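All figures in this text were calculated on a predicted structure; none of them were measured in a lab.
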Amino acid sequence: MNKDKALEDLFLAQKPHFDDRDAFMVSLTKRLDAVEYIKQHQEATLRRYKMAAMVAFLSGLIVGGIAIAYLLTSPTSIPVFNFDTHHVFFLEWLCDNSRLIIVSVLSLLMTLGTISIINNVQEIKSMRYSLRQ
């Protein structure tokens, strides 16, 4: 509704000269075509953003799932990383629990990535909705 009012105000502010009706109609048609082109370009851009978000979501889900599956199915007697120190309790604990720590961090990153992608898709939908009105 606000866009209609703004468009009406824009047309009322123009005060065109009607001495050459054909030139006015050509100019008006050209401007309306330009507006339509911009609208189509914005819709195409939104489609690309949505597709990129879905590709990122699916690839992250697949890669994260493979990484977690690999860490959980590989032998637990071999730590993922080793500091070769036996004097510092924290580093020993870190080496002993390296698999669980990495799986937890990967799960956290996948969750944050999923939330981010869902937020981006919702933002794109709201942009698309605002373009239609």
Side-chain angles (χ1 to χ4, degrees):
M1 178 137 297
N2 291 338
K3 288 184 180 182
D4 292 337
K5 182 67 175 160
L7 188 61
E8 182 181 353
D9 291 342
L10 180 69
F11 278 118
L12 289 176
Q14 279 295 334
K15 305 229 188 281
H17 302 284
F18 292 108
D19 51 348
D20 190 6
R21 183 165 175 79
D22 292 333
F24 171 74
M25 289 306 292
V26 168
S27 173
L28 180 63
T29 304
K30 189 176 179 181
R31 288 180 184 173
L32 289 176
D33 289 343
V35 168
E36 187 62 31
Y37 173 76
I38 291 172
K39 190 174 183 180
Q40 288 175 358
H41 178 69
Q42 286 179 338
E43 288 176 355
T45 303
L46 287 176
R47 280 194 300 272
R48 282 194 304 260
Y49 287 161
K50 187 175 181 180
M51 184 61 69
M54 293 308 293
V55 167
F57 172 73
L58 290 176
S59 63
L61 192 65
I62 291 169
V63 170
I66 289 171
I68 288 174
Y70 171 73
L71 286 170
L72 291 177
T73 57
S74 61
T76 58
S77 61
I78 303 170
V80 176
F81 48 85
N82 193 359
F83 294 113
D84 289 331
T85 182
H86 301 287
H87 302 295
V88 180
F89 175 73
F90 176 72
L91 293 178
E92 286 183 33
W93 177 84
L94 196 63
C95 289
D96 291 341
N97 296 314
S98 62
R99 292 193 182 283
L100 291 175
I101 292 169
I102 289 176
V103 167
S104 299
V105 168
L106 281 175
S107 297
L108 178 67
L109 288 175
M110 286 178 59
T111 302
L112 290 174
T114 302
I115 290 170
S116 173
I117 294 295
I118 289 172
N119 185 27
N120 289 341
V121 168
Q122 288 178 344
E123 185 177 328
I124 289 169
K125 284 183 180 181
S126 69
M127 289 170 62
R128 179 174 285 165
Y129 180 74
S130 67
L131 280 176
R132 289 183 182 163
Q133 289 186 353

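- Cluster annotation: Leu46 is not connected to Val55 through the hydrophobic network of ILVMFWY side chains, with a link wherever side-chain heavy atoms come within less than 4.5 Å.
- Here the straight-line distance linking atom CG of Leu109 with atom OG1 of Thr114 works out to 10.5 Å at 0.5 Å rounding.
- Note: Ser104 OG to Arg99 CZ = 13.0 Å, rounded to the nearest 0.5 Å.
- In the hydrophobic clustering of ILVMFWY residues, with side-chain heavy atoms under 4.5 Å counting as a link, Met110 and Val63 come out apart.
- Distance CD1/Ile101 to CH2/Trp93: 4.0 Å, rounded to 0.5 Å.
- Considering His41, Gln42, Glu43 as possible partners of Thr45, the one that fulfils the side-chain contact (heavy atoms from CB on, under 4.5 Å) test is His41.
- Cluster partners of Leu112, using a side-chain heavy-atom cutoff of under 4.5 Å among ILVMFWY residues and allowing indirect links, are Leu108.
- With sequence neighbours excluded, no residue forms a side chain to side chain donor-acceptor pair (under 3.5 Å) with Arg47.
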Can I get a per-line list of side-chain donor-acceptor pairs under 3.5 Å for residues 28-40, giving both atom names and the distance, sequence neighbours left out?
| from | atom 1 | to | atom 2 | distance (Å) |
| --- | --- | --- | --- | --- |
| Thr29 | OG1 | Met25 | O | 2.7 |

